[in-house]
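Just so you know, these numbers use all the heavy atoms, side chains as well, and skip hydrogens, waters and symmetry mates. Each chain gets a letter, A, B and so on, in the order its sequence line appears, and its residues count up from 1.
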Number of protein chains: 2
Amino acid sequence: MEAAARLFREKGYTATSMRDLAQAVDLKASSLYNHISGKEGLLREICFNNAHRFHRELDQIEIREDSAEAKVRALIHLHIQVATEDITSITAFNDEWRHLTEPHLSEFIAQRKSYESRFRSIIEAGMKDGSFKVFHANIALYTIFSAIRWIYDWYQPGKSISMEQLEEEISGLLLNGLNADTTFQIL
Amino acid sequence: MEAAARLFREKGYTATSMRDLAQAVDLKASSLYNHISGKEGLLREICFNNAHRFHRELDQIEIREDSAEAKVRALIHLHIQVATEDITSITAFNDEWRHLTEPHLSEFIAQRKSYESRFRSIIEAGMKDGSFKVFHANIALYTIFSAIRWIYDWYQPGKSISMEQLEEEISGLLLNGLNADTTFQIL
DNA sequence: CCTACCGATCGGTAGG
DNA sequence: CCTACCGATCGGTAGG
């Protein structure tokens, strides 16, 4: 599954053949089928394992008696953590989930929407208590999600920037942006 | 090319067949070849047309006698503008350029790196003159790029949020984050 | 513009 | 685990 996730990430799901995957794990393509159900089964496991993980972690964060700001910070921490340590998450969340077939595609989209909705509620709580000075929770939500997407492609652990620095600076940039008192004017 | 970009975006380059594309423009697959050189030629044109457009616009922005902040604002405006109005740009910049073959792939990556480098220089100028309080230009750079990626997927013009509001809020979030005086503490 | 068709490659199976 | 092989589909061409 790790090899599959890596290939799906590098070449895309459709462009990755079972022969490519077999070569990556030193087997012939036909031998893979003693271990897995098929190509889509791999993608399915990668996507749903990750969806479950994010929901489980969000459960923990929601329960806390923390401020909305602390919860958003914990979520940013979670997304950065997972993005830097687990290649399968990148595959699952970025684009390859599109290649799931029904009914799994709809099920995945539903889980994704549910996660977004729970995240959005936390942002809305922060808007209500005055700690986030934004007008549209969705914009903040998707900006946060996206701001973490590039990390896997670009970040090389141990090279010039530590993970702590990386996380501190991204969190700072996003949370300062959310908190800022002054509204910027266009022009 | 528009139909191709739309399909590449929806299904991915590899998963889009010439039969799919032919159907989208009401032809048979073989007839497409009277108009185009082939599947990769389409991708190539989409990618390089967009690369040229971004470089051209950046030329104009660099020339101005503006502050670094005003230049970054103009670049954010450019990226949001293009993302909301031109589907081919989404295809080109998000993921599908990976499927270019050599030597075009290397050429595209080189142009992309050049664009990033010029953008980074503007951010660095803003760090030097004290208007951006960040430590690593790269983090700011990639966060800005990524923050605009989700727009096409999600934004529906005219529905609840206007383009002006969208742009103002994203720019505000990013520029406030860059400007913020207080450094956030982890924990 | 079309019909007819090509060699290559795909995901997957049979059988041992 | 492998070799051998399947039907389907791919990008693209020939010929009119």
Side-chain atoms of residues 2-12 of chain A: list all donor-acceptor pairs with protein atoms under 3.5 Å, sequence neighbours left out, distances to 0.1 Å.
unit_1, atom_1, unit_2, atom_2, d
A:R9, NH2, A:D153, OD1, 2.7
A:R9, NH2, A:D153, OD2, 2.8
A:K11, NZ, A:D20, OD2, 3.1

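When the salt bridge (Lys or Arg N to Asp or Glu O under 4.0 Å) test is applied to A:E124, no partner is found at least two apart in sequence or on another chain. Scanning for side-chain contact (heavy atoms from CB on, under 4.5 Å) contacts around B:Y142 gives A:W150, A:W154, B:E116, B:R120, B:N138, B:F145, with sequence neighbours left out. With sequence neighbours excluded, no residue forms a side-chain contact (heavy atoms from CB on, under 4.5 Å) with B:Q60. Residues forming a salt bridge (Lys or Arg N to Asp or Glu O under 4.0 Å) with A:E107 (at least two apart in sequence, or on another chain): none. By the side-chain contact (heavy atoms from CB on, under 4.5 Å) test, A:D129 is found to be paired with A:A68, A:S131, residues two or more places apart in sequence or in another chain being considered.
Among C:dC1, D:dT13, D:dC1, the nucleotide with an atom closest to any side-chain atom of A:H35 is D:dC1.
OP1 or OP2 of D:dC2 lies within a sub-4.0 Å distance of a side-chain N or O belonging to A:S31.
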message: I'd like to compare against my own output: the B/S/- annotation of nucleotides 5-11 of chain C with a strict under-4.0 Å heavy-atom distance to protein.
response: -----SB
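Between the CG atom of B:N34 and the C1' atom of D:dG16 there is a distance of 12 Å, given to the nearest Å. Rounding to whole angstrom units, CG of residue B:L32 and P of D:dG12 are separated by 10 Å. One atom, NZ of A:K28, and another, C1' of D:dT3, lie 9 Å apart when rounded to the nearest Å.
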task: Map every base of DNA chain D to its dot-bracket character, where paired means a Watson-Crick or G-U wobble contact with both distances under 3.5 Å and | marks a partner outside the strand.
output: ||||||||||||||||
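Ion pairing of B:E57 with B:R118 is absent here, as no side-chain N (NZ or NE/NH1/NH2) approaches a carboxylate O to less than 4.0 Å.
Comparing B:A29 and A:A29 by the nucleotide of DNA chain D that holds the closest heavy atom to each, the one mapping nearer the 5' end is A:A29.
Here B:I63 is tied to no hydrophobic group at all, with no ILVMFWY side chain closer than 4.5 Å.
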